[in-house]
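I have placed the structure first, in the form of structure tokens, so that the comments after it can refer back to it.
Chain letters run A, B, ... following the sequence lines, proteins first, then strands; residues in each count from 1.
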There are 2 protein chains.
Amino acid sequence: MNISEAAKQSGLPSKTIRYYEDIGIVKPDRAGNGYRSYSDNDVHQLAFVQRARSLGFTIEECKLLLSLYSNDQRASADVKLLALNKIEQIDQKIRELKSLKSTLSNLSKNCHGDQKPDCPILEDLASHRNLK
Amino acid sequence: MNISEAAKQSGLPSKTIRYYEDIGIVKPDRAGNGYRSYSDNDVHQLAFVQRARSLGFTIEECKLLLSLYSNDQRASADVKLLALNKIEQIDQKIRELKSLKSTLSNLSKNCHGDQKPDCPILEDLASHRNLK
DNA sequence: CCTTGACCTTACAGTTACTGGAAGCTTTAT
DNA sequence: ATAAAGCTTCCAGTAACTGTAAGGTCAAGG
């Protein structure tokens with residue numbers, strides 16, 4: 001099938017599929033006219049990557065997951081470790097964002113938000129004290 | 001003062017300070033030898049940006065905040081709106097990350113994580129069902 | 001047969017916010 | 001005098017695409 005059909009079936013934009021080819025993720029055959037020709041297996045792999053990316057795995061991790069996927073000898077422990085690490089990264093990011101939110105909330109709470117120029121948010125940004 | 005002193009005082013790497021000059025954030029004077037020469041006010045602005053960046057504001061938002069900061073006529077409402085929008089963005093991101101985490105946790109929970117190749121995580125990635 | 005429009009190709013630039021490195025001045029210290 | 005530290009500019013690389021331009025190919029309609 002041509003790239004637009006592969007795009008439809010995998011849930012990825014054609015542009016992204018070409019990019020994935022550039023970086024060596026899925027290399028389709030070529031038809032006589034030079035068009036890319038995708039097999040069902042190609043599309044399956046693309047959809048796999050699409051799902052893994054949407055779960056927050058990086059491209060490099062996706063490559064690893066794909067290689068594990070196509071390796072009959074893999075240990076599920078390898079995959080699980082990757083997933084648990086990813087969960088830890090996500091937790092870390094959530095902690096950071098909560099801390100940011102709390103700081104910004106405190107700043108906003110003290111700001112009148114009116115037409116007057118007096119603004120504690122800017123004052124905090126300008127000072128070096130950390131209103132945490 | 002030279003750039004390394006400005007770096008020390010602002011908490012930003014010299015490299016970043018030069019980059020900020022390129023994109024028009026702080027333009028220092030130049031000494032006779034071509035070295036950048038930072039005033040206390042320059043450093044103050046750099047520190048302001050450093051703090052705003054660490055709170056999750058984009059460079060564009062930092063420019064806006066800086067211009068509001070140096071505008072005596074600003075309304076604190078303008079700044080507060082920016083902060084509240086940022087808080088909303090952070091909340092959205094936290095929601096997304098929590099959802100990702102929950103999906104990954106479910107997948108991991110069902111994975112033995114042993115030396116056998118049987119792996120529900122990979123199976124889920126390969127299928128199109130969404131184990132949410 | 002010709003044209004139109006949809007679809008395909010490659011290649012290059014742009015995005016965000018820096019970071020690293022090379023090549024080459026200037027200043028400072030020994 | 002020389003070496004180290006600090007400064008300069010410029011170019012490339014990061015992550016993961018996205019946009020755009022210029023042009024080849026294919027199927028349908030007149």
Output yes when B:Arg36 and B:Glu5 qualify as a salt bridge under the 4.0 Å nitrogen-oxygen rule, no when they do not. no

Whole-Å distance, A:Ile3 CD1 to D:dT25 P, equals 17 Å

Which residues in residues 11-29 of chain A have at least one heavy atom lying under 4.0 Å from any atom of DNA chain D? A:Pro13, A:Lys15, A:Thr16, A:Tyr19, A:Tyr20

Does B:Ile23 share a hydrophobic cluster with B:Leu12, counting links as ILVMFWY side-chain heavy atoms below 4.5 Å and allowing steps through other members? yes

NZ/B:Lys93 to CD1/B:Ile90 distance, rounded to the nearest 0.5 angstrom? 11.5 Å

Atom CZ of B:Phe57 and atom CG of B:Leu65: how far apart are they, to the nearest 0.5 Å? 5.5 Å

Taking the nucleotide of DNA chain C with the nearest heavy atom to each, does B:Tyr35 or B:Ile59 sit closer to the 5' end? B:Ile59

Dump the intermediate steps for side-chain hydrogen bond (donor to acceptor under 3.5 Å, both in side chains) on A:Arg53 and A:Gln50, then the final yes or no. CA-CA 5 Å; A:Arg53 287 287 298 126; A:Gln50 188 282 324; over 6 Å; no

Listed nucleotide nearest any side-chain atom of A:Ser4, set D:dC7, C:dT9, C:dC8: C:dC8

Between A:Glu21 and A:Lys15, is there a side-chain N and carboxylate O pair less than 4.0 Å apart? no

In terms of heavy-atom contacts, A:Leu68 and A:Arg74 come closest through O-CD, 2.9 Å

Residues from residues 81-94 of chain B sitting under 4.0 Å of DNA chain D, heavy atoms only? none

How many whole angstroms separate atom CD of B:Glu5 from atom P of C:dT28? 14 Å

Using a 6.0 Å cut-off, check whether atom CD of B:Glu88 has over 12 heavy atoms from anything other than its own residue. yes

Atom pair CD1/OH of B:Ile3 and B:Tyr35 - distance to nearest 0.5 Å: 11.5 Å

Establish, with yes or no, whether the OP1 or OP2 oxygen of C:dT27 is under 4.0 angstrom from a side-chain nitrogen or oxygen of B:Asn33. yes

Figure out the CD/P separation between A:Gln50 and D:dA16, and round it to whole Å. 15 Å

Using whole Å, what does the distance between atom P of nucleotide D:dT8 and atom CG of B:Asn2 come to? 7 Å

Within the pair A:Arg36 and C:dT9, is there a side-chain N or O less than 4.0 Å away from OP1 or OP2? yes

